[in-house]
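Reviewing the structure listed below.
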Amino acid sequence: GDSVTQMEGPVTLSEEAFLTINCTYTATGYPSLFWYVQYPGEGLQLLLKATKADDKGSNKGFEATYRKETTSFHLEKGSVQVSDSAVYFCALLYGNKLVFGAGTILRVKS
Amino acid sequence: GAVVSQHPSWVICKSGTSVKIECRSLDFQATTMFWYRQFPKQSLMLMATSNEGSKATYEQGVEKDKFLINHASLTLSTLTVTSAHPEDSSFYICSASESSDYGYTFGSGTRLTVV
């Protein structure tokens, strides 16, 4: 079945460092891809999405490009802040269901 | 934007009792709602999909008699954990969708602790 694989965390960075969180997927067809963020004790918030190959989703300085050839949707940010500390989930839409990766904890130190 | 309200945000109950968790879409009609369970430091596990006016569809391995889902209106779905036991303690999250084209909005989650 369809699945999502994320890099294991935690990822610990200093403020203003460059962030990459890798995400690859396995799917039949061409699913929509998402990044969600979860702050401690809260539900998930949609960070960005891409619905077709070569689409770039972006929001709050975060970006991810839908790469069909490498089946990837890596999350990047040029300069992280302490407030970006959270858990990040990559997901794909399979039918009407979201399939999530395991999540990557990001810790940003000041 | 779309808002999903989940209530309560946390609940402690005694073993053997039942607990109801509500999920409401505040500014849109949700034809489909989803219930997830999240264990500490783990991803979300889809428990069931509910469609307004019909029976919920449960994922493999989820006990439908233990986790009762009702989606009586286009803005409200409830999850009732029946005869709760300590192993049911978890973080439960709902999400709602007006249609898959509009994306999915998540509630803030409910921390259930069974003692």
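Numbered from 1 within each chain, the chains take letters A, B, ... in sequence-line order. The model shown is predicted, which means the values in this text are computed figures rather than measured ones.
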Whether over 12 other heavy atoms sit under 6.0 Å from A:Gln81 CD
yes
Is A:Tyr36 close to chain B through its backbone or its side chain, or both, or neither, when contacts mean heavy atoms under 4.5 Å?
side chain
Within this structure, what is the OH-CG distance for the pair B:Tyr104 and A:Leu46, rounded to the nearest 0.5 Å?
12.0 Å
Any chain of hydrophobic side-chain contacts (each under 4.5 Å) joining A:Tyr25 to A:Val99?
yes
Would you list the pairs meeting disulfide bond (SG atoms under 2.5 Å apart) in which at least one residue belongs to residues 5-95 of chain A, sequence neighbours left out?
A:Cys23-A:Cys90
B:Leu112, B:Ile93: one ILVMFWY side-chain cluster at the under-4.5 Å cut-off?
no
Same cluster for A:Tyr66 and A:Met7 if Ile/Leu/Val/Met/Phe/Trp/Tyr side chains link at under 4.5 Å?
yes
Starting from A:Tyr94, can I reach A:Leu33 by hopping between I/L/V/M/F/W/Y residues whose side chains sit under 4.5 Å apart?
yes
Between A:Phe100 and B:Tyr36, is the ring centre distance below 6.0 Å?
yes
Can you confirm whether more than 12 heavy atoms, excluding those of A:Tyr30, are under 6.0 Å from its OH atom?
no
Residues of residues 43-65 of chain B with a heavy atom under 4.5 Å from any heavy atom of chain A, in residue-number order, are B:Ser43, B:Leu44, B:Leu46, B:Thr49, B:Glu59
Would you please name every residue forming a ring pair (Phe, Tyr, Trp, His ring centres under 6.0 Å) with A:Phe89, sequence neighbours left out?
none
Residue pair A:Leu98 / B:Phe106: nearest heavy atoms and the distance that separates them
CD1-CZ, 3.9 Å
Taking atom NE2 of B:His7 as the centre, report whether more than 12 heavy atoms of other residues, nucleotides or ligands fall under 6.0 Å from it.
no
For A:Glu15, I'd like to know if atom CD has over 12 heavy atoms of other residues, nucleotides or ligands within 6.0 Å.
yes
Would A:Val108 end up clustered with A:Ile21 when hydrophobic side chains under 4.5 Å apart are linked, directly or stepwise?
yes
Under a 4.5 Å heavy-atom criterion, the part of residues 8-27 of chain B in contact with chain A comprises none
Heavy-atom closest pair (B:Phe91 atom, A:Gln38 atom, distance to 0.1 Å) is CE2-NE2, 3.7 Å
Is it the backbone or the side chain of B:Gln6 that comes under 4.5 Å from a heavy atom of chain A, or both, or neither?
neither
